[in-house]
Amino acid sequence: MSERLPKITVGLLFGGRSAEHEVSRASAANVLRALDPTKYNVVLIGLAKDGRWLLCDAGNQAGTVATALTIPEDGAPLALVPGGKGRSLRFAEGEQKGAVHVDVMFPVLHGPNGEDGTIQGALELADVAYVGSSVLGSAAAMDKDVAKRLARDAGLPVVPFATLTSQAPLDYATVVRAVGSTDVFVKPANLGSSVGISRARSAEEFAQSCALAFRFDSKILAERCIDRAREIECSVLEDEKGCVRASSLGEIVPADSHGFYSYKAKYTDAAGARLIIPADIPPERTERLQALAIKTFQVLGCGGLARVDFFLKGEEVVVNEVNTLPGFTSISMYPKLWEASGVSQSELMDILIAHALARHARQQHSTEGDA
């Protein structure tokens with residue numbers, strides 16, 4: 001009888017300070033359920049909206065019935081300790097003393113301060129393994145302006161766009177000339193889950209759309225609307241050996257009442273959209289889109305996981321955006337696409353954690369070699 005390996009301690013980071021705080025809590029509950037308790041011990045770390053790191057109750061029904069993890073106001077405050085080599089968390093105050101040991105961090109944080117390289121940089125300083133893309137890959141993919149420029153320079157097809165900042169705004173006529181259409185979508189450059197996105201087909205609507213997007217970011221994008229395009233998504237996964245593969249394709253069909261895949265359609269309206277898995281696309285074209293998803297993943301320097309979104313209209317295909325920490329809720333595309341490809345959510349957790357640990361080990365070996 002083979003000897004059972006010691007359990008790996010996973011620090012599950014969720015919540016955060018972005019507009020996607022609630023989505024993160026729902027994703028984390030699903031990740032917790034998918035982590036095999038015979039393989040992993042889980043430390044729940046809630047990032048409150050005010051920035052505090054709080055130790056949370058691992059038994060708050062998340063493993064059975066809860067749809068979202070909770071962050072208690074009276075949770076024990078934790079501090080991240082640079083150079084902790086796995087013992088990277090200490091109790092910040094109160095009677096509790098000592099360190100909280102983790103082998104690997106699993107940041108289930110969407111949007112700014114979670115998906116943009118900031119938390120990844122903090123974890124690098126703490127010398128602890130973590131799931132997902134590195135600092136550079138996270139930052140590049142999160143900033144839609146930077147991501148589109150990198151993709152375009154690599155010869156990947158992207159939607160025509162114009163970039164606006166609060167210091168250098170553009171008028172509607174200038175944007176129309178730049179993107180080649182009077183019908184545009186306006187969105188924050190550094191946000192996800194369709195927060196702050198709206199459609200504009202006139203100068204008045206454009207001004208309103210910009211005002212909305214600027215509420216969430218100082219840099220925004222105006223993109224040509226590809227009317228009646230199919231929204232196709234592909235999950236990408238990298239294993240511990242660096243092998244990158246793409247899942248089956250899925251299609252999102254928003255309800256007519258939403259017009260596009262809005263935040264409400266994703267998370268609060270059960271009838272907001274239909275998810276078609278696998279998408280009805282011929283095998284040869286499916287393979288081309290999967291190859292394009294992998295190339296996009298590599299061009300942006302992603303690691304571990306990402307969801308690559310496409311617009312498909314007739315023979316035209318464009319890369320819409322890349323999410324390096326996509327939703328992990330019970331209805332999210334990323335895990336559903338892998339399930340349809342024969343990888344269960346539990347197996348998915350194993351692959352992601354193995355990749356994180358292997359990458360960290362390689363980095364440590366490289367650092368020791370330079371010493």
Any residue meeting salt bridge (Lys or Arg N to Asp or Glu O under 4.0 Å) with R288, in chain and number order, not counting sequence neighbours: E284
List the residues meeting side chain to side chain donor-acceptor pair (under 3.5 Å) with D280, not counting sequence neighbours, and say none if there are none. none
Answer yes or no: is there an ion pair linking K49 with E22, defined by an N-O contact shorter than 4.0 Å? yes
Please, which pairs that meet side-chain hydrogen bond (donor to acceptor under 3.5 Å, both in side chains) have at least one residue in residues 202-215, sequence neighbours excluded? S198-S209
Of the non-hydrogen atoms in G46 and C56, which two are nearest, and what is the gap between them? N-SG, 3.5 Å
Donor-acceptor list for residues 312-320 side chains, cut-off 3.5 Å, not counting sequence neighbours:
residue, atom, partner, partner atom, Å
K313, NZ, D227, O, 3.0

What residue pairs, at least two apart or across chains, pass salt bridge (charged side-chain N to carboxylate O under 4.0 Å, His left out) with a residue in residues 332-354? K39-D350
Under the side-chain hydrogen bond (donor to acceptor under 3.5 Å, both in side chains) rule, what pairs show up with a residue in residues 351-360, not counting sequence neighbours? D127-H360, E238-H355
Residues forming a ring-ring contact (aromatic ring centres under 6.0 Å, His included) with F328, sequence neighbours excluded: Y334
With sequence neighbours excluded, residues passing salt bridge (Lys or Arg N to Asp or Glu O under 4.0 Å) with R230: E251
State which residues pass side chain to side chain donor-acceptor pair (under 3.5 Å) with E124; sequence neighbours excluded, sorted by chain then number. Y130
Kindly write out the residues that satisfy salt bridge (Lys or Arg N to Asp or Glu O under 4.0 Å) with D145, not counting sequence neighbours, or none if the list is empty. R149, K219
D50 with R52: basic N within carboxylate O range, under 4.0 Å: yes
Partners meeting ring-ring contact (aromatic ring centres under 6.0 Å, His included) with Y172 (sequence neighbours left out): F206
Salt bridge (charged side-chain N to carboxylate O under 4.0 Å, His left out) contacts touching residues 100-109 (sequence neighbours left out): none
